[in-house]
Amino acid sequence: MATTPQQSSLSGLARALVQAGKIKEAEAESLLTQAAASKISFIEQFVTSHKASTADIARFASDTFGYPLLDLNAFDDAHFIKNAIDRKLIAAHRVIPLHKNGNRLSIAIADPTNLRALDEIRFQTGMVVDPIIVDEGLLAPLVAKLSESTEDTLKNLANENINLEFTEEESPDKKQEEAAALEVDDAPVVKFIQKMLLDAISDGASDIHFEPYEKNYRIRYRTDGLLREISAPPLVIKDKIASRIKVISRLNIAEKRVPQDGRMRLVLSKNRAIDFRVSTLPTMYGEKIVLRILDPSSATLGIDALGYEPEQKAVLLDAINRPYGMVLVTGPTGSGKTVSLYTCLNILNKPGINISTAEDPAEIPLPGINQVNIDERQGLTFPVALKAFLRQDPDIIMVGEIRDLETAEISIKAAQTGHMVLSTLHTNDAPATITRLMNMGIPTFNIASSILLVTAQRLVRRLCSCKKPIDAPVQTLLNAGFLESDLDDSWLLYGPGGCQRCKDSGYKGRVGIYQVMPITEAIQHLIMANGTSRDIAIQAQKEGVNDLRRSGLLKVKQGLTSLEEVLGSTNV
């Protein structure tokens, strides 16, 4: 049959569900992509999308694959085998060692087709692994309980009785710098920082904040767009933490009076490394340090994982595959603009194409693409890099951000002379991007003739699989932007629940909402006539372009996010 090759590309459980008629093949592939984007398991994504229970999936897997089914509620967690499997494997693959008999190890697992997990456990233990299927909903909190907590590391650190008192000099000499570098090579601090980094990565955090205050010191993670406090280590170690991070980021540890920017890398395995962008800021009570986590896998998820609606995806792909012109991505800091641009570049990155990017700084290395780090102190500005690009026989140019008139003029000139140009701006929505360029001083005829498409975006938190149906007054839904035709019985309004997996927040991961506005002939006429952003927005709406609020409401109807998230991220 024609579908057989496609089915064989699915994982075991997804393929079994397709063969059992519980899900269509295309939908199974879409769920796998969404699960990878949200960093959750296929089972959780299936349960979220199909309103099934994890218990139903466990029974199906047991019947289909012939493995025994165990009710974890009837199992005393005090009898779990200690130290049989590395805790990193337990957390990464959501497995629990249950029983050991000679050379055989029984493990609790929700998806017995997770061959990678079984192979890694087999390799690490040297034992024959027998899967026992359990309910994923019951398994997740037990896995979290067995995983090492941050507080354990803090207690160990406090027991070291570290006593630090730095004497700062106005002009430290070379010997003092070397002594400080040796001083920060402290095992408890090194282990603690490594623990903070690994925990942040496993939690899916985007930023780590190390913040000193007068009487306390705190560390916060930004996860799914929100900051939450993770730990409060002893205030006495604040300088040591700052110095250690600065040493491995190759920053000047003796300079504490001005901000510094650096970069460091954490190698997790032979095939995976995570980069961190480091920023230090002198405050009243010490140096605040923020680490931005740059995960290369986020740039290779594919466009389907970003959250574009099918018609939006088609319009965007049509624009970036044109031979020349400009495509702009707009939104506030932290809205996912860089990931969107990198995704487009990965689509365009082919052996016969020359791609160059100017970024400040280049966040994620992209093989096959010439990336340039802007360094204004050395005179390497965006305009200087763009002028050099035009002498390098480019096909596609990506400008990290259009900040000034000179950068905008060169970018538009490149778009008008046979190059595809991708860039970003900071505006509230797509129509406002056009007026922003006008206010910069770009002639309207250049804007109308060069820009192909503008897409605005936001990131909203994705509801966890513990979401629950809620009721809302009809008038509230109408005030939010729903049409009367939307208010039927074909969908349910969901709100956040709370479980161990989402740490009782009700949300896990984020999804994008987009306003994808092609520059049509009618909009070109408005630009030439110095139309306002409101004029452009009205025309775009007539042409079927959803604004950010409408795109967010579609995600609410799909059960991906809550109404509160959309209302908090968009204007009417």
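- Within the structure, the salt bridge (charged side-chain N to carboxylate O under 4.0 Å, His left out) test picks out no pair touching residues 468-485 (sequence neighbours left out).
- Of all heavy-atom pairs spanning Gly552 and Ile513, the tightest one is CA-CG2, 3.7 Å.
- For the 3.5 Å distance criterion, the side chains of Asn479 and Gln475 qualify, holding a donor opposite an acceptor.
- Inspection of the Thr455 and Gln515 side chains reveals no N or O donor paired with an N or O acceptor under 3.5 Å.
- Applying the side chain to side chain contact (heavy atoms under 4.5 Å, CB included) criterion to Val258, with sequence neighbours excluded, gives Glu255.
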Can you check side-chain contact (heavy atoms from CB on, under 4.5 Å) on Glu211 and Val290, steps first, answer last?
CA-CA 8 Å; Glu211 301 171 313; Val290 177; over 6 Å; no
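- Between the Asp199 side chain and the Met196 main chain, no donor and acceptor come within less than 3.5 Å of each other.
- Once rounded to the nearest 0.5 Å, the distance linking CE of Met517 with CG of Asn546 reads 13.5 Å.
- Side chains of Thr427 and Thr330: a donor on one and an acceptor on the other come within 3.5 Å.
- Between the side chains of Ser449 and Gln416, at least one donor-acceptor pair of N or O atoms lies under 3.5 Å.
- Checked for salt-bridge contact, Arg277 and Asp207 miss the test: no charged N lies under 4.0 Å from a carboxylate O.
- For Arg228, the CZ atom counts as densely surrounded, since its 6.0 Å shell holds more than 12 non-hydrogen atoms of other residues, nucleotides or ligands.
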Worked verdict on Cys344 versus Leu422 for side-chain contact (heavy atoms from CB on, under 4.5 Å)
CA-CA 9 Å; Cys344 291; Leu422 309 178; 4.2 Å; yes
Salt bridge (charged side-chain N to carboxylate O under 4.0 Å, His left out) between Lys508 and Asp203, worked out:
CA-CA 10 Å; Lys508 187 67 175 177; Asp203 282 357; 5.7 Å; no
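- Between Tyr285 and Tyr213, a ring centre-to-centre spacing not shorter than 6.0 Å is recorded.
- A donor-acceptor distance shorter than 3.5 angstrom exists from the side chain of Arg549 to the backbone of Ala480, with no hydrogens or angles considered.
- For the atom pair CD1 (Ile442) and CG (Leu437), the distance works out to 6.5 Å, reported to the nearest 0.5 Å.
- Within 6.0 Å of the CD atom in Glu311, the count of heavy atoms belonging to other residues, nucleotides or ligands exceeds 12.
- Put simply, the side chain of Gln371 gets close to the backbone of Leu366: a donor and an acceptor are under 3.5 Å apart.
- A donor-acceptor pair under 3.5 Å is formed between the side chain of Asn373 and the backbone N or O of Ala362.
- Closest of all the heavy-atom pairs between Asp486 and Trp491 is O-NE1, 2.6 Å.
- Every residue meeting the side chain to side chain contact (heavy atoms under 4.5 Å, CB included) condition with Thr561, not counting sequence neighbours, appears here in chain and number order: Val460, Lys555, Val556, Glu565, Val566.
- Remark: the Glu401 side chain and the His426 side chain contain an N/O donor-acceptor pair separated by less than 3.5 Å.
- A donor-acceptor pair is defined here as one N or O able to donate and one able to accept, closer than 3.5 Å; no such pair exists between the side chain of Asp275 and the backbone of Arg265.
- Atom-to-atom distance recorded for Phe210:CZ and Ile241:CD1 is 6.5 Å, nearest 0.5 angstrom.
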Intermediate values then yes/no, side-chain contact (heavy atoms from CB on, under 4.5 Å), Leu425 and Leu328:
CA-CA 7 Å; Leu425 281 110; Leu328 296 174; 3.8 Å; yes
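- Judged purely by distance below 3.5 Å, without hydrogens or angles, the side chains of Asp404 and Thr407 pair a donor atom with an acceptor atom.
- Ring geometry for Tyr308 against Tyr514 counts as parallel: the plane angle stays under 30°, on a 0 to 90° scale with 60° as the upper cut.
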